Trainee: 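Would you mind keeping the following structure in view while I ask a few things?
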There are 2 protein chains.
Amino acid sequence: MKLTPVMEKYVLHWGEMGSRWGVNRTVAQIHALLYLAGKPLTADEIAETLGVARSNVSTSLKELQSWGLVKLLHVKGDRRDHFEALSDLWDTFFAIAENRKRRELDPTLTVLRECVLDGNEDESGPEVQRRIEAVAKFLERLLSWYDQIRRLPRPALIKLLDLGAKIEKLLGSKS
Amino acid sequence: MKLTPVMEKYVLHWGEMGSRWGVNRTVAQIHALLYLAGKPLTADEIAETLGVARSNVSTSLKELQSWGLVKLLHVKGDRRDHFEALSDLWDTFFAIAENRKRRELDPTLTVLRECVLDGNEDESGPEVQRRIEAVAKFLERLLSWYDQIRRLPRPALIKLLDLGAKIEKLLGSKS
DNA sequence: CTTATCTTTCTGTTAAGACTGAAATATCAG
DNA sequence: CTGATATTTCAGTCTTAACAGAAAGATAAG
């Protein structure tokens, strides 16, 4: 698959952003490529297009699949695996958010709770304990909000987004 | 400054999370330490407490200040600089969000817009252009929402958070 | 069963960036 | 101005993680 200048720019930038977000550059590039391609590609095509080792593509695809961002499928009359990215951006967004939450936020919350529990038999005065509890509470609040928002039907989500700060009026009147 | 077991656990975990989020581990640890300390510390105290080089602390503090997460202040009768973390969690949250947005999302949006503009003289059919535009629009929407939410007065923010999915009802009735 | 094709795992290399310790610079007191 | 103290910059070392290439492992066709 040949990349046009714009496609290349998009793919390269996505890779760059990926590495800032703790995502392997190649993984991000592959995801970008699959998203743009809009049709299933084989691992070989990907490797050739991006100029990376075949083995690297294999590993990256596995990771993308584990994140649920890429699906494996087969094309009739072809033995090779083909790969395709999610096309819906909201699905993509939540897939990423969900994974990051699970890998980063959830463990943090666990540790924070442990810290709160251990607080009693620790010499770090009440002030420190209060601070740690505050962080725990803050994270819990944020996560529980996210969990609820995530389940909203798509139209409600969009409405909420488009409403923006005007939400303030609604809040004021109702609660 | 001596760390109790709980404080150490908190600081170490925060450092660990930092590195996952693309933040230097030491930077994150220092921030955690300052948050827990609740009083201004000197660079030397920090270096000794965390067991890292003094120079490393200097660089990290500079970064934390540039993010607006840590303030420099002086204690009467002491020539040394003292450092203190923001104590309000919402302020901290938005300081971090704001910086990440500026460093990561804004540049991405710029690139996406360039891609859309360059799309005309590019050979990558209309389907690819449509996809890139979709991403640009999605990001724009998200960012504009964030910009508005960020400005909400604290109580409104909390109300919004506590409301969670019940927001759906409000949305349905009003718009 | 055998061969051809495709995929994954493994190991050594390389590159990026964090970190240290030393040297340089700045700031204040006397 | 001089000495003492505090801070920053810099150059080299060390660590970590991405990556390529080779080898091993699957899987399907014939």
Side-chain angles (χ1 to χ4, degrees), chain A residues 1 11-34 40-67 70-84 100 103-104, chain B residues 1 11-12 14-34 40-67 70-84 103-104:
Chain A
M1 176 156 201
V11 168
L12 291 182
H13 180 78
W14 210 250
E16 214 48 55
M17 277 307 111
S19 45
R20 282 189 187 278
W21 280 79
V23 176
N24 183 296
R25 180 154 36 86
T26 307
V27 171
Q29 283 183 0
I30 293 178
H31 180 248
L33 173 60
L34 288 176
L41 300 180
T42 66
D44 278 312
E45 279 178 291
I46 298 171
E48 201 202 353
T49 307
L50 297 180
V52 298
R54 184 47 236 276
S55 58
N56 199 358
V57 172
S58 174
T59 313
S60 302
L61 282 171
K62 236 176 120 184
E63 180 153 355
L64 284 169
Q65 283 174 275
S66 83
W67 282 53
V70 161
K71 302 285 180 217
L72 185 157
L73 43 83
H74 287 102
V75 171
K76 194 177 124 183
D78 194 335
R79 254 178 72 187
R80 296 171 299 176
D81 293 348
H82 290 244
F83 300 89
E84 187 179 53
R100 293 189 70 93
R103 290 200 321 177
E104 296 159 13
Chain B
M1 176 156 201
V11 168
L12 291 182
W14 210 249
E16 214 49 55
M17 279 305 112
S19 44
R20 281 190 188 278
W21 280 79
V23 176
N24 184 296
R25 179 153 37 88
T26 306
V27 171
Q29 283 183 359
I30 293 178
H31 180 247
L33 173 61
L34 288 177
L41 300 180
T42 65
D44 278 313
E45 279 177 292
I46 296 171
E48 202 201 351
T49 307
L50 298 180
V52 297
R54 180 51 233 276
S55 56
N56 198 359
V57 172
S58 175
T59 313
S60 302
L61 282 171
K62 237 176 120 185
E63 180 154 355
L64 283 168
Q65 284 174 274
S66 83
W67 282 51
V70 161
K71 304 285 179 213
L72 185 156
L73 44 83
H74 286 102
V75 171
K76 192 177 126 185
D78 193 335
R79 257 178 70 188
R80 296 171 299 176
D81 293 347
H82 290 243
F83 300 90
E84 188 179 51
R103 289 202 318 179
E104 296 159 13

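So that the names make sense, note that chain A is the first sequence line, chain B the second, and so on, each numbered from 1. All figures in this text were calculated on a predicted structure; none of them were measured in a lab.
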Trainee: A:Arg80 CZ to D:dA29 C1': how many Å, rounded?
Mentor: 16 Å

Trainee: Quick check on contacts: within residues 41-50 of chain B, what sits under 4.0 Å from DNA chain C by heavy-atom distance?
Mentor: none

Trainee: Please round to the nearest 0.5 Å and tell me the distance separating atom CD of A:Glu16 and atom CD of B:Glu104.
Mentor: 11.5 Å

Trainee: Is any side-chain heavy atom of B:Arg54 closer than 4.5 Å to one of B:Ser58?
Mentor: yes

Trainee: Would you say that more than 12 heavy atoms from the other residues, nucleotides or ligands in this model lie under 6.0 Å from the CD of A:Glu84, or not?
Mentor: yes

Trainee: Could you give the NE2-to-P distance, from B:His74 to D:dT5, as a whole number of Å?
Mentor: 17 Å

Trainee: Among A:Leu41, A:Leu34, A:Val27, find the one that has a side chain to side chain contact (heavy atoms under 4.5 Å, CB included) with A:Leu61.
Mentor: A:Leu34

Trainee: If I take atom CD1 in residue A:Ile30 and atom P in nucleotide C:dT7, what distance separates them, rounded to the nearest angstrom?
Mentor: 13 Å

Trainee: Base, backbone or nothing for each nucleotide of nucleotides 19-30 of chain C, written B, S, -, heavy atoms under 4.0 angstrom, 5' to 3'?
Mentor: SBBB----BB--

Trainee: Over how many whole Å does the gap from B:Asp81 atom CG to D:dT7 atom P extend?
Mentor: 4 Å

Trainee: Looking at C:dT7, I'd like to know if its phosphate oxygens (OP1 or OP2) sit under 4.0 Å from a side-chain N or O belonging to A:Ser58.
Mentor: no

Trainee: DNA chain C: A:Gln65 or B:Val23, which has the more 5' nearest nucleotide?
Mentor: A:Gln65

Trainee: Report yes if some heavy atom in the side chain of A:Trp67 is under 4.5 Å from a heavy atom in the side chain of A:His31; otherwise report no.
Mentor: no

Trainee: Within a strict 4.5 Å, meaning less than it, do heavy atoms of the B:His82 and B:His74 side chains meet?
Mentor: no

Trainee: Within the 4.5 Å heavy-atom criterion, are B:Trp21 and A:Arg100 side-chain neighbours or not?
Mentor: yes

Trainee: Distance check needed: C:dT8 C1' versus A:Leu72 CG, whole Å only.
Mentor: 13 Å

Trainee: Just to confirm, is there a sub-4.0 Å distance from OP1 or OP2 of D:dT9 to any side-chain nitrogen or oxygen of B:Lys62?
Mentor: yes

Trainee: Quick one: A:His82 NE2 to C:dT5 P, roughly how many Å, whole number?
Mentor: 15 Å

Trainee: Could you grab the distance from atom CG of B:Leu50 to atom CE of B:Met1, nearest 0.5 Å is fine?
Mentor: 10.5 Å

Trainee: Nearest whole Å is fine: how far is D:dC19 P from A:Gln29 CD?
Mentor: 8 Å

Trainee: Distance check, rounded to the nearest 0.5 Å: B:Asn24 atom CG versus B:Leu64 atom CG?
Mentor: 9.5 Å

